[in-house]
*Asks:* 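Take a look at this one; I'll ask things after.
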Amino acid sequence: MSAGAYLVIRCDHRPPGGEQCDRERGWPVYVRNHTELRRNLKAQGWRRTRKGKDLCPDHSGRPTPSDPNTP
Ligand SMILES: [Zn+2]
């Protein structure tokens, strides 16, 4: 991973028999690593499970603040 790369995390939610959620999210300003990115996205409802999966606000099971990137 090179410094200054644009990092994104992707929702790992996959319903049984369904298609994986393809939502992904980056951060508009520089973040050093995914840990920092996740910390920022947490405020927007993203969550990382104990199993190491990232979940978007729709699948994190948490009420979400308004998401400006969602149409
Ligand atoms: Zn999702």
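Heads up: numbering here begins at 1 and tracks the sequence.
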*Asks:* If you measure from NE2 on H34 to CZ on R48, what distance do you get to the nearest 0.5 Å?
*Replies:* 9.0 Å
*Asks:* Hydrophobic cluster membership, with links at side-chain heavy-atom distances under 4.5 Å among I/L/V/M/F/W/Y: are L37 and W46 in one?
*Replies:* yes
*Asks:* From the options R10, R38, R23, select the one residue that forms a salt bridge (Lys or Arg N to Asp or Glu O under 4.0 Å) with D54.
*Replies:* R38
*Asks:* Taking side-chain contact (heavy atoms from CB on, under 4.5 Å) as the test, write out the residues that go with R39, two or more places apart.
*Replies:* T35, E36
*Asks:* For Q44 versus P57, what's the shortest heavy-atom pair and its separation?
*Replies:* O-CG, 3.2 Å
*Asks:* Do the side chains of L41 and W27 get nearer than 4.5 Å, heavy atoms only?
*Replies:* yes
*Asks:* Show, in sequence, the C-alpha distance, side-chain angles and deciding distance for Q20 and D12, and conclude whether the side chain to side chain contact (heavy atoms under 4.5 Å, CB included) test is met.
*Replies:* CA-CA 7 Å; Q20 180 165 336; D12 291 318; 3.9 Å; yes
*Asks:* Which atom names give the shortest non-hydrogen contact between C21 and C56, and what distance separates them?
*Replies:* SG-SG, 3.9 Å
